[in-house]
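See structure below.
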Amino acid sequence: MSILPQLLFLTLLVASGVVLYRRITFLRNTILLGKSESRTDNPSQRWKTMALIAFGQQKMFKRVGPAILHLLIYVAFIVINIEVLEFVIDGISGSHRIFAPALGGVYTVAMNIFEWLAIAVLVSCVAFLIRRNITRVPRLTMPELRGWPALDANLILWIEIVLMLAILTMNATDQLLAERGVAGYIPLGGLIFSSVLAPLFDGFGDGALVITERIAWWFHIVGILAFAIYVTYSKHLHIFLAFSNTWFSNLKPKGEMKNMKEITNEVKLMLGVPTQGVEEPPAEVGRFGAKDVNDLSWVNIMNAFACTECGRCTAECPANITGKKLSPRKIMMDTRDRAEEVSKSIANGGPGLEDGKTLLGDYITKEEINACTSCNACVEACPINIDPLDIILQLRRYVAMEESASPAQWNVMFQNIETSFAPWKFAPTDRFKWADEIKGKPMND
Amino acid sequence: MSTTFQIPTMAEKTAAGDQPEILFWVGCAGSFDERYKAVTIAFVKILNKLEINFAVLGEEETCTGDPARRAGNEFLFQMQAMSNIQVLNGYQVKKIVTACPHCFNTLKNEYPELGGNYEVLHHSQFLQQLIHAGQVVLKGGGGFKGKKITFHDSCFLGRANNVYEAPREIIEALDMELVEMKRCRSKGLCCGAGGAQMFKEPEAGKKDINIERTEEALATGAKTIAVGCPFCLTMISDGVKNKEKENEVKVLDLAELIANDLGLNS
């Protein structure tokens, strides 16, 4: 038997490994464009969060219908990957169904489970295609999805459908060959789902059947390798980043904004408050707030790459619901696109951040960030704990402190706080006047 | 026991050598907003009635800095925070109760990193504790018993700090029938005023957020909409007026409901 297929397989495996390695390095560098931020405290709580929210899909179940469909694809992804291990061993060693003889009946049961999951994936993907393209669920058809994002979403579903059909075709033809006693094919004693497809191939001669089976096998494994690479260019990256994203979740109360230490030192000096301990030498004085992706934290950028554009955030956003331009999902997509643009430019020896563009202005407008009520609905809605609000607030800081370009009414509010110590213009000496109404009055019982 | 309402300041208490059990942080809306002053007064009446040893800062209180911070002005926020912390620490304040979820969130979550460490409670939590301890015995009076009521979750109390039960337990203690809106608790819709929106006109859109929320509240059929936040109170009241329902539907703070029940409303 020729070892050509084995060599070809090995070449493909190594080549896709190299491409993947380069893509992962690129993504890592892109995420690390962001500033450092420590998110490693309380590891036990972090593992728990990851187990519940990423592994356990806890937040998905706020919407039960899509959650069940998603869960089926997710479980299938994890379980069918066990079969990919067999594919890889078979591909390298030239064996066929290497686990079958050793596992016997268990193997048949496993194959039937895989087939059931393949059917479940088919059904779910078709349902998702219908939701996207026919019933047109509002959050899946919003303007920010026009073009590549919509195509990406549909491609993922079609690729998964085709990959599952390849598995079922392979099993059907494989078992027909086994029934006919063709050498090398192992009878598994009944695969429930693929046997339904068997009549389609009944008329094939042994040769044609072998070719069909081989094509399906190659199609499936090459498809998986190609899909693995595709994922790194796609919103589908969430299948991996959901885990790191939840592990590095913000564990503090959602209402707490990050403190800007560089400002604390200055304010203490202004107020004459002694600064305790060893003064950290002021690291490179960067910008106040964020104008571009390198002003954000690496966690913000990881969030952006973990986003799968499901739009649950935007569907819950009070500003978006009432027709304002703000869409938390777009904030994440813009952050990702800008980070990718800068990183690509750097990788190609281009100007990188100095390309005359910035996240705020060229991607995200002030009108969007000014519409946010900081209500945390988007953060609460995200199934994998992405935090669009954190980015919005950092952009606002830049506008307020570096540009002094906040909305005029906010500038008035700032002035009121500075001069009257209240956001409205009242005399500070009137602050306690409310008490006059009841102070000293008799309690009536 | 005093037979008249007393509102001591920290300065007075300190001068008298008395350390009050709680500091009532009134907040800017509680001090200046015509409508919300009634909430401040209702809460102070409850504190008096229950003989709780409290004090206020009076003219020494200033904005916590929350709206400045949310609007992006971190300098101004920290200036406010730091000077408030100097005052609070100067009086060795240990426990703060406030009726404003924005003040609550800032004092509780954002002051510690700047050197202000206090036990901070929203007035709904404080009142819940008093009900649990049997210090507040509600009669289900005040004309509310059995009537439909809905509760609007403030974002800064709910999602921001996971306080969902305290307001609901108060309503339960009042023996009213709580009818939840579809978007409630962690899915509660903002009134539209958070994130410093209270202090500017909304961006262009097809609807105002408070109208969207008010419609949802009115759809419950409740004649009382309970809130626990000064901004929510303004926004929902405006929404009710916009819908010309202000004569049938009342928007009330939790403290007002309790004060009514205790007959402290005159």
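Within every chain, numbering begins at 1; the chains are lettered A, B, ... in the order of the sequence lines, protein sequences first and strands thereafter.
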Highest number of heavy-atom pairs under 4.5 Å with chain A: which of [options]?
options	value
B:R213, B:R69, B:Q86	B:R69
B:G205, B:G58, B:S31	B:S31
B:G27, B:A29, B:P101, B:S154	B:A29
B:A196, B:G65, B:P202, B:S83	B:A196

With heavy-atom distances below 4.5 Å as the criterion, would you say the side chains of [X] and [Y] are in contact?
X	Y	answer
A:F432	B:E61	no
A:I321	B:L189	yes
B:E203	A:K325	no
A:E418	B:L76	yes

Using 4.0 Å as the upper bound for N to carboxylate O, is an ion pair formed by [Y] and [X]?
X	Y	answer
B:K187	A:E316	yes
A:R431	B:E60	no
A:R397	B:E74	yes

What's the verdict on side chain to side chain donor-acceptor pair (under 3.5 Å) for B:Q78 and A:N259, showing C-alpha distance, side-chain angles and the deciding distance? CA-CA 9 Å; B:Q78 292 204 12; A:N259 192 50; 3.0 Å; yes
Heavy-atom pair of closest approach, residues [X] and [Y]:
X	Y	answer
B:A68	A:F414	CA-CE2, 3.8 Å
B:K45	A:I438	CE-CG2, 4.1 Å
B:R159	A:C375	NE-O, 2.8 Å

Just checking A:K425: does its NZ atom have more than 12 heavy atoms from other residues, nucleotides or ligands closer to it than 6.0 angstrom?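 Result for NZ/A:K425: open.
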Closest-packed option against chain B by number of heavy-atom pairs under 4.5 Å, given A:I417, A:L393, A:N376: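 Answer, by heavy-atom pair count under 4.5 Å with chain B: A:I417.
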With chain B, which of A:Q409, A:M270, A:E437 has the greatest number of heavy-atom pairs at distances under 4.5 Å?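 Top option by heavy-atom pairs under 4.5 Å: A:Q409.
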Give, as side chain, backbone, both or neither, the part of B:N105 having an atom under 4.5 angstrom from any heavy atom of chain A.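 Just the side chain, heavy atoms under 4.5 Å.
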For A:W424 and B:F199, what are the C-alpha separation, side-chain angles and deciding distance, and is it a ring-ring contact (aromatic ring centres under 6.0 Å, His included)? CA-CA 8 Å; A:W424 299 285; B:F199 305 99; 5.4 Å; yes
Within 45° cone of A:W434 ring axis and under 6.0 Å: B:K37 NZ or CZ: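 The answer is no, since B:K37 fails at least one limit relative to A:W434.
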